[in-house]
Amino acid sequence: MQLTSPAFKTNAHRAMADAGLQKALGTAKGAFLQRRAAAVAALPEFEALRDIGRDIKNHTLANLDFYLEAFAAKVEAAGGVVHWCSTADEARATVLAICQDAGARTVTKGKSMISEELGINDHLEANGIAPIETDLGEYILQLRHEHPSHIIAPAFHLNREDWEADFRRAHTDLPADRVFAERRDILSEARTRLRAKFLAADVGITGANFLIAETGSSVIVTNEGNGDLTQTLPRVHIALASIEKVVPTLEDATSLLRLLARSATGQDFSVYTTFSTGPKRAPDLDGPAAYHVVLIDNGRSNMMGTEFQEMLRCIRCAACMNHCPVYGAIGGHAYGWVYPGPMGSVLTPSLAGIEKTANLPNASTFCGKCEAVCPVKIPLPKMMRHWREREFERHLTPSSMRRGLGVWGWFAKRPGMYRMATRIGVGALRLLGRGKGAFTSLPLAGGWTEGRDLPVPEGGTFMARYKAKQKQGRGK
Ligand code: SF4
């Protein structure tokens, strides 16, 4: 997937003017928020579980080499093969080699963001192998030649009518009187059509929500059951996973699964939670003859030991983007790479470099909601602030902003001058805006007034009012 994050502002403007996108965002976002809130309210220990989730991930990251090696040893003991890949190129070459060794012509795929990060579909297609997405949202996007705009609901940016139109366009044999009143009607039709593909596929590729060091298992969660068919029907199963997906024990995975479903879709548990341990054994009725785990670093180990290490706790639930006012206004494609929303604004610069992605950590109001809902308590605003610091240090911020920050910094270090300057500024704005109520344009504040009005200040400065309030409080 091509990086278009440098065009974030243009993308965002386009997204805000797209009526269809705005309708889709409003519908989907509301549903996610309500369901999560209800699921959290119904579980009294949810807050305690968040602490447990954070601690499990912190402990694992602190001992990552140990748990990865333990996991790999268990996979191999169960008859599987582990491939260690430092870069995206290595991972793509590894997946292709496994498919070619299996003589694969078609490959079914479960939803996997790491597969998007690696560009697996394009690579397979370029080498004569047809990848078939089996998650309904991904299936529709494949028909549209688009990438996901959300990490758990790939077609978040589409309305039901779009789904239906694309589906009909791709399946011209559908009778015109076939009614699709709900998404689930399309799902059931897609299932029927995909069945033959599941049976014919030579290789199945899935992601992994977790890898369990204790047992050597990979875990995936889905609501459509497509992941199970992808990994059990073909002769070869490839599980793609980035290195931070490992957790120590089955019990740890279970604790995180309880957080994941509630935070993601507001379910107590996803409809299907599937554990895969090695290839098919003698008494098994189903399962692949060969089982491969492709472990991918692709920049994660560079985050270890830095102020961005905590980002590796992420369990990809999407709660942060579902609650983000910026994501809610522009959707996922505007972020210009695989991972949108607040988690993407931290992770994308870590993986793709701040030089190309400096817009992203600035795409935040710092309202703090992302951190407040994150099931593993990742301090996303703090990390976006760190990226802004690095952006400033590397002279990537526009010179006008640097000059502005320089002036602000000079005053901020001199509280007396700062108070006097803000008093003068507020007084001047009050004078200029007399009788107006709000400024619709203002020199040096065009970036603000282009999208919203700036109210004319009333009363004193914030500091003066804060001081008065404190005095009042002491007087009581
Ligand atoms: S950062 Fe937190 S809230 Fe966002 S996707 Fe990751 S785990 Fe979920």
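The basis for the numbers below is simple: all heavy atoms, side chains too, and nothing from hydrogens, waters or symmetry mates. Residues take their numbers from the sequence shown, with the count starting at 1. As the structure lists them, so they are numbered: ligands from 1, and atoms in each ligand from 1.
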So, at under 2.8 Å, which protein N, O or S atoms would a careful student list around atom 2 (Fe) of ligand 1?
C374 SG
In terms of heavy-atom contacts, does NZ of K57 have more than 12 from other residues, nucleotides or ligands at under 6.0 Å?
yes
Distance from atom 5 (S) of ligand 1 to nearest protein heavy atom, with residue and atom
A318 N, 3.3 Å
Is the count of non-hydrogen atoms from other residues, nucleotides or ligands lying under 6.0 Å from R385 atom CZ greater than 12?
yes
Backbone N or O of P398 within a donor-acceptor pair of the R402 side chain at under 3.5 Å?
no
Quick one: side chains of residues 367-379, donor-acceptor pairs under 3.5 Å with protein atoms, not counting sequence neighbours, listed by atom name and distance.
from	atom 1	to	atom 2	distance (Å)
K377	NZ	D51	OD1	2.7

ring-ring contact (aromatic ring centres under 6.0 Å, His included) partners for H123, two or more places apart
none
ring-ring contact (aromatic ring centres under 6.0 Å, His included) against H323, all qualifying residues, sequence neighbours excluded
none
